[in-house]
Amino acid sequence: MNAGPVNAGPVNGLNPGQSKAWVPSHITGFFAARREDDPLQSGSVGCGLCLSPGATTVVESSPDIEDLEIILNGSAAEAPVSRFVAERLARGPVRVRTDLDMPSGSGFGASGAGALGCAYALNRHFDLALTADQAASVAHEAEVVCRTGLGDVIAQNSGGMVLRLEAGAPGSGRIDRIPVPPLPVHCVVRGPISTREVLSNQSVMSAVNEFGRAALKDLLKRPTLKEFMRLSRRFTLQTGLASSWALDVIEAVEAEGGMASMIMLGDAVYALGAAEALQAFGPVYSTFISQRGANLD
């Protein structure tokens, strides 16, 4: 491996010594988890949507950088998931700057987006010659080890509406996509739910895994966006994960003719149509389904 970065001049507005990546956000409608001793074999099956707001990560080297520095939304941060990736892939002192356009901690895959962007940017920066799946597998491993997620990275690596068919890291797990246009999606967020706590609760996960596998089986019989929304709502009710607030939001959207469900895992709801029904519950976050997966800028 090379000991230093290979960027030699300004590209797309970047200064020499910088590499930049972008990763979409991702919301999950339903899932079932699998944990193995090998993090690369751990993951989840299910289905979700990549959304256009994402994470932009810039990796830079300069003489004043003497160690690994991680800057999140303009402030120094521990960012354990991105740190895991940087400590694995960096071949010298670097500064990793990530700006998140999505809510953090509320089921939008923020930690996965930051880690995946970090992996892509470091791969280019140090000329590591990793494929997309190889770089993404490091980000997936970081999420599993840090217990912040199981399926966001493999979906974010692809973009679009992603079916996670077999659990595992990119290159090990298996996905497919349901073709959909870049339709508008509207979200309202009340706050975070601890992914670590949910994934560690055996009784909760027993229900999640049973109903998540059933939802995937049913979706594969008719893989459409409408059926995904119906099954996601069913999963939300069956698992009991939703707060009374989230259930009220879903009911309000449906009363206006839209479709809605809980974002896994956050105290948040996403909707197709009836955006005005969300306004009574908080600021409405409107976006689009992203056909674009992780990539270099």
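Values reported hereafter were calculated over all heavy atoms of this structure, with side chains retained and with hydrogens, waters and symmetry mates removed.
Not a single donor-acceptor pair under 3.5 Å links the side chain of Arg174 to the backbone N or O of Ser172. At least one donor-acceptor pair under 3.5 Å links the side chain of Gln156 to the backbone N or O of Gly109. The closest donor-acceptor contact from the side chain of Ser25 to the backbone of Pro53 lies under 3.5 Å. Under a 3.5 Å cut-off, the side chain of Gln291 and the backbone N or O of Pro179 do not form any donor-acceptor pair. At least one donor-acceptor pair under 3.5 Å links the side chain of Asn295 to the backbone N or O of Gly293. A donor-acceptor pair under 3.5 Å is formed between the side chain of Ser137 and the backbone N or O of Gln134. Between the side chain of Ser206 and the backbone N or O of Gln202 there is no donor-acceptor pair closer than 3.5 Å.
Summarising the geometry of Gly105 relative to Pro192, their closest heavy-atom pair is O-CB, 2.8 Å, with the distance given to 0.1 Å. Contact between Arg177 and Ser158 at its shortest, heavy atoms only, is CD-OG, 3.2 Å. Pairing each heavy atom of Asn157 with each of Ala132, the nearest pair is ND2-O, 3.9 Å. The two residues Met262 and Tyr270 make their nearest non-hydrogen contact at O-CE2, 3.4 Å. The heavy-atom pair separating Pro103 from Ala110 by the smallest distance is O-CB, 4.1 Å. Closest heavy-atom contact between Ala136 and Pro170: CB-CG, 3.6 Å.
In the hydrophobic clustering (ILVMFWY side chains linked at under 4.5 Å, chained through shared members), Ile175 is joined by Ile154, Val162.
Linking ILVMFWY side-chain heavy atoms closer than 4.5 Å, directly or via other members, places Ile289 and Leu219 in a single hydrophobic cluster. Using a 4.5 Å cut-off between side-chain heavy atoms of Ile, Leu, Val, Met, Phe, Trp and Tyr, with links allowed through other members, Met229 and Val188 fall into different hydrophobic clusters. The cluster map of Ile, Leu, Val, Met, Phe, Trp and Tyr, joined by side-chain heavy atoms under 4.5 Å apart, puts Ile65 and Leu72 in different clusters. At a threshold of 4.5 Å between side-chain heavy atoms, the hydrophobic network of Ile, Leu, Val, Met, Phe, Trp and Tyr places Val189 and Phe281 in two separate groups. Neither Leu40 nor Val85 shares a network with the other; the hydrophobic side chains, linked directly or stepwise wherever heavy atoms of I, L, V, M, F, W or Y lie under 4.5 Å apart, form separate groups for each.
Pairs of residues two or more places apart, or lying in two chains, that qualify as ring pair (Phe, Tyr, Trp, His ring centres under 6.0 Å) and include a residue from residues 91-120 are Phe108-Tyr285.
In this structure, the side chains of Phe288 and Val185 stay at 4.5 Å or more apart for every pair of heavy atoms. At a threshold of 4.5 Å between non-hydrogen side-chain atoms, the residues Glu78 and Ile70 do not count as touching. Residues Val208 and Phe235 are in side-chain contact: their nearest non-hydrogen atoms beyond the backbone lie under 4.5 Å apart. Looking at heavy atoms from C-beta onward, Arg292 lies out of side-chain contact with Pro24 at the 4.5 angstrom threshold. Looking only at side-chain heavy atoms (C-beta outward), Lys226 and Met259 come within less than 4.5 Å of each other. The closest side-chain heavy-atom distance from Leu163 to Val45 is not below 4.5 Å. Considering only heavy atoms from C-beta on, His26 comes within 4.5 Å of Cys50 through its side chain. Contact of the Phe126 side chain with the Val94 side chain is registered, since non-hydrogen atoms from C-beta on lie closer than 4.5 Å.
To the nearest 0.5 Å, the span separating CH2 on Trp22 from OG1 on Thr56 amounts to 8.0 Å. In this structure, Leu241 CG and Ile193 CD1 are separated by 7.0 Å, a value rounded to the nearest 0.5 Å. Rounded to the nearest 0.5 angstrom, Ile71 CD1 and Asp99 CG are separated by 10.0 Å. The structure places CG of Asn123 at 8.5 Å from OG1 of Thr131, a figure rounded to the nearest 0.5 Å.
Using a 4.0 Å cut-off between charged nitrogen and carboxylate oxygen, Arg88 and Glu141 count as a salt-bridge pair. Salt-bridge check for Arg83 with Asp67: failed, with every basic side-chain N at 4.0 Å or more from each acidic carboxylate O. Arg164 and Asp176 are not joined by a salt bridge, as no carboxylate oxygen comes within less than 4.0 angstrom of a charged side-chain nitrogen. In this structure, Lys221 does not pair ionically with Glu227, as no charged nitrogen and carboxylate oxygen lie closer than 4.0 Å. Asp64 has a carboxylate O that lies under 4.0 Å from a charged side-chain N of Arg95, or vice versa, which qualifies the two as a salt bridge.
Applying the side chain to side chain contact (heavy atoms under 4.5 Å, CB included) rule to Ala271 yields the partners Val253, Ala260, Leu278; only residues at least two apart in sequence or on another chain are considered.
Defined by atom type and a distance below 3.5 Å, a donor-acceptor pair is present between the side-chain atoms of Asp267 and Ser243. For Ser75 and Asn73, the side-chain atoms include no donor-acceptor pair closer than 3.5 Å. A donor atom on one side chain and an acceptor atom on the other are not found under 3.5 Å apart for Glu36 and Ser42.
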